[in-house]
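Okay, so here's the structure we're looking at.
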Amino acid sequence: MAPEKLEIAPEKLSDLAALVNEAKVYLSFTQNDVKRLNMIAPKIKPHIPKIVSYVVKAIGINKKLVDILENHPLPVETAVTVFEKWLENVLSWNYDEDFAKQAYRIGAAHANAGINSKIMTLTMGNFMVGTSFVVDKMIADKNTTRVFLISIQKAFMLNLTLMLQYYDDIKTEKTLNKLYDAIKR
Ligand code: HEM
């Protein structure tokens, strides 16, 4: 699929490594968060289809998004499987440079499919809300719930940050190209 198609230049890879580190420091995302995600992953896993169906429902009421999906070769069933696999990854990634690369490529796939950054942010919000419902119902002790939810929320925001970097990069590239064109004239 598209993310494999995107070649990332070596200098961009080091930018992404710097970005993921900066974002982790900013969000106070540490190895403890990774451990908590890994710990709760098997408990959330059986509920992933329910979370994804919550996310897909919101996409389904947006006419523009339905059109994008209908005109894209990716069948809806595959889109559901892709969402489920991605959510599993969110809970199991190590949040290293390889994660940064994958998240950036996912951003690229959507930018190229015509899905804007606002929709990516809102959809991430729905993933976050859906997952929070599930975790909240799953654990009786609310202090424990809070600790896990904080790590989960940080992970979603890290993913979003890396995905949106692609949108920033294409905007910068377009501005630079316009400037070059103006200079050449
Ligand atoms: C937080 C939001 C989202 C996440 C995490 C996400 C996740 C993913 C992932 C992991 C892929 C597979 C990338 C690959 O390996 O090729 C993908 C592809 C795709 N997603 Fe999403 N998605 C999001 C939002 C949306 C929305 C709102 C739509 C609405 C139509 C959408 C439509 C698509 C399409 C059409 C593809 C295929 C892109 C291509 O390969 O050309 N996604 N998504």
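Values below: every heavy atom of this structure, side chains too, minus hydrogens, waters and symmetry copies. Read the numbers this way: they start at 1 and go in the same order the structure lists the ligands and their atoms.
Within the 4.0 Å heavy-atom criterion, the part of H72 lying near ligand 1 is the side chain and not the backbone. Neither the backbone nor the side chain of L160 has any atom closer than 4.0 Å to an atom of ligand 1 (non-hydrogen atoms only). Using a 4.0 Å cut-off between heavy atoms, N159 makes no contact with ligand 1 at all.
Applying the ring pair (Phe, Tyr, Trp, His ring centres under 6.0 Å) test to residues at least two apart or on different chains, the pairs with a partner in residues 164-185 are Y104-Y166.
Looking at K174 and K171, their side chains never come closer than 4.5 Å, going by heavy atoms from C-beta outward. Within the 4.5 Å cutoff, the side chain of I139 has no heavy atoms near those of the K43 side chain.
Under a 4.0 Å criterion applied to the non-hydrogen atoms of M163, ligand 1 contributes the atoms 5 (C). Using a 4.0 Å cut-off to heavy atoms of V82, the atoms of ligand 1 that qualify are 8 (C), 9 (C), 10 (C), 11 (C), 12 (C), 17 (C), 43 (N). Using a 4.0 Å cut-off to heavy atoms of I59, the atoms of ligand 1 that qualify are 26 (C), 27 (C). Atom numbering of ligand 1 starts at 1 in the shown order; those under 4.0 Å from a heavy atom of L74 are 19 (C), 34 (C), 36 (C), 37 (C).
With R105, E70, M120, K85 as candidates, the residue nearest to atom 3 (C) of ligand 1 on a non-hydrogen basis is M120. Of the candidates N62, I115, I119, I115 brings a heavy atom nearest to atom 28 (C) of ligand 1.
A salt bridge links R36 with D33: the distance from a Lys NZ or Arg NE/NH1/NH2 to an Asp or Glu carboxylate oxygen falls below 4.0 Å.
Residues F133 and V52 do not share a hydrophobic cluster, defined by chaining ILVMFWY side chains whose heavy atoms lie under 4.5 Å apart. Linking ILVMFWY residues whenever their side-chain heavy atoms come closer than 4.5 Å, directly or via other members, places Y95 and M39 in the same cluster.
By the ring pair (Phe, Tyr, Trp, His ring centres under 6.0 Å) test, F83 pairs with F127, sequence neighbours left out.
The shortest N/O to N/O separation between H110 and ligand 1 falls below 3.5 Å.
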